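Following: one structure in structure tokens, then a few remarks.
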Amino acid sequence: MKAPNTLPTRSKIWEHYTRTKENRDFSYLIFSVAWKHFCKKMNLDKPISRRTSTRDIVNMYLERKAAMKKWFVANKQRVSLTTDIWEAKITRASYMVVTAHYIDECWRLKKLIIGFKHVSDHKGQTISQVLLDVLADWGIEKLFCVIVDNATSNSSALRRFHSQFSLPSDDALVLDGEFLHMRCSAHIINLIVKDGFTDVDQSVDAV
């Protein structure tokens with residue numbers, strides 16, 4: 001069943017920035033003073049509509065993505081992944097980000113967001129499928145490891161991911177994926193500190 005649209009209505013600020021007027025001879029955008037001020041501060045020759053800006057940004061993204069995909073495929077690059085899911089406070093929508101970490105031809109450590117997907121739930125099957133889809137989209141066929149937090153769903157996801165990603169090639173994973181699932185040390189330390197603060201709170205309250 002399709003999830004209901006819970007996006008907030010347009011604000012007065014949005015309406016302020018996107019006001020239009022219509023001339024009897026032809027229609028055109030008359031930008032607000034705030035938008036003209038923004039364009040001036042950005043050293044733009046003339047105000048650019050939000051539609052033009054959106055189109056140009058999307059085109060830049062697609063061109064850059066195509067170049068990076070070509071590089072990954074040509075070099076048959078082995079990468080490591082980090083991934084997490086976060087929830088938007090206003091819409092309550094969940095998004096999963098996938099970041100690739102790799103060493104380039106000059107031995108420089110690089111990272112690149114290769115996936116930012118809306119997900120319907122936090123289940124292991126969903127996480128596994130998003131990882132598979134993102135890697136297939138980028139043509140990445142070889143991995144070192146996937147670093148995630150301690151959520152139970154991540155353990156389930158990576159077991160499923162391991163069995164499916166390793167099928168096409170014996171070289172897809174290192175040591176048959178023995179070290180594929182790596183837990184995020186920063187997240188573990190964060191949990192330890194939070195647990196310690198809980199004990200401190202009880203001690204302070206007792207005084």
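Heavy atoms only: backbone and side chains are in, while hydrogens, waters and symmetry mates are out. Note that the numbering runs from 1 along the sequence shown for the chain. Just so you know, these numbers come straight off a predicted model, no measurement behind them.
- Leu132 and Val146 fall within the same hydrophobic cluster, where Ile, Leu, Val, Met, Phe, Trp and Tyr residues are linked whenever their side-chain heavy atoms come under 4.5 Å apart, directly or through other members.
- Apart from Leu109 itself, the hydrophobic cluster it occupies contains Ile103, Trp107, where clustering links Ile, Leu, Val, Met, Phe, Trp and Tyr at side-chain heavy-atom distances under 4.5 Å.
- Distance CE/Met96 to CG/Asp84: 9.0 Å, rounded to 0.5 Å.
- Rounding to the nearest 0.5 Å gives a distance of 10.5 Å between OG1 of Thr83 and CD1 of Ile113.
- Within 6.0 Å of atom NZ in Lys142, more than 12 heavy atoms from other residues, nucleotides or ligands are found, so the atom counts as buried in its surroundings.
- Asn190 CG to Ser185 OG: the interatomic distance, rounded to the nearest 0.5 Å, is 11.0 Å.
- Salt bridge present: Asp171 and Arg78 bring a charged side-chain N and a carboxylate O closer than 4.0 Å.
- In this structure the side chain of His181 reaches within 4.5 angstrom of the side chain of Ser155, judged on heavy atoms.
- Here the closest heavy-atom approach between residue Ser156 and residue Gly124 is recorded as OG-CA, 4.1 Å.
- Residues Asn150 and His187 form a side-chain contact, since some pair of their non-hydrogen atoms from C-beta on lies under 4.5 Å apart.
- Using a 4.5 Å heavy-atom threshold, the side chains of Tyr95 and Glu87 count as separate.
- For the residue pair Asn59/Glu63, the side-chain donor-acceptor check at 3.5 Å is not satisfied.
- Contact annotation: the side chain of Gln129 never approaches that of Thr126 to less than 4.5 Å [non-hydrogen atoms, C-beta and beyond].
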message = With side-chain contact (heavy atoms from CB on, under 4.5 Å) as the criterion, how do Ser153 and Ile127 come out once you've worked through the C-alpha distance, each side chain's angles and the decisive distance to 0.1 Å?
response = CA-CA 8 Å; Ser153 57; Ile127 296 171; 3.9 Å; yes
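- Of the possible donor and acceptor atoms, none in the side chain of Asp176 sits under 3.5 Å from a partner among the backbone N and O of Glu178.
- More than 12 heavy-atom neighbours from other residues, nucleotides or ligands sit within 6.0 angstrom of CD on Gln164.
- Summarising the geometry, atom OG belonging to Ser80 is positioned 9.0 Å from atom CE belonging to Met182; distances are rounded to the nearest 0.5 Å.
- Under the side-chain contact (heavy atoms from CB on, under 4.5 Å) criterion, His122 pairs with Ile85, Ser94, not counting sequence neighbours.
- No chain of hydrophobic side-chain contacts below 4.5 Å, direct or via other Ile, Leu, Val, Met, Phe, Trp or Tyr residues, connects Val134 to Val97.
- By the rule that hydrophobic residues join a cluster once side-chain heavy atoms approach within less than 4.5 Å of another member, Val174 and Leu158 end up as members of separate clusters.
- Here the closest heavy-atom approach between residue Asp149 and residue Ala151 is recorded as OD1-N, 3.1 Å.
- Here ring pair (Phe, Tyr, Trp, His ring centres under 6.0 Å) pairs that include residues 141-178, with residues two or more places apart or in two chains, are Phe161-Phe165.
- Clustering of Ile, Leu, Val, Met, Phe, Trp and Tyr side chains at separations under 4.5 Å places Ile192 together with Ile188.
- Formation of a donor-acceptor pair under 3.5 Å by the Ser163 side chain with backbone atoms of Arg160 is found in this model.
- Contacts of Thr82 classified as side-chain contact (heavy atoms from CB on, under 4.5 Å), with partners at least two apart in sequence or in another chain: Thr99, His101, Ile147.
- Note that CE of Met60 and CZ of Arg55 are 12.5 Å apart. Values are rounded to the nearest 0.5 Å.
- With rounding to the nearest 0.5 angstrom, the CD1 atom of Ile140 is 7.0 Å from the CG atom of Leu81.
- Counting only heavy atoms from C-beta outward, the side chains of Val148 and Arg183 never approach each other to under 4.5 Å.
- The closest side-chain heavy-atom distance from Trp138 to Lys65 is below 4.5 Å.
- A distance-only check finds no donor-acceptor pair linking the side chain of Lys76 to the backbone of Glu141 [under 3.5 Å].
- Applying the side-chain contact (heavy atoms from CB on, under 4.5 Å) rule to Gln77 yields the partners Trp71, Phe72, Asn75, Val79, Tyr102; only residues at least two apart in sequence or on another chain are considered.
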Criterion side-chain contact (heavy atoms from CB on, under 4.5 Å) on Asp137 and Ile114, from CA distance to verdict = CA-CA 9 Å; Asp137 179 38; Ile114 59 175; over 6 Å; no
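- Listed here is the closest heavy atom pair of Ala157 and Ser128: O-CB, 3.5 Å.
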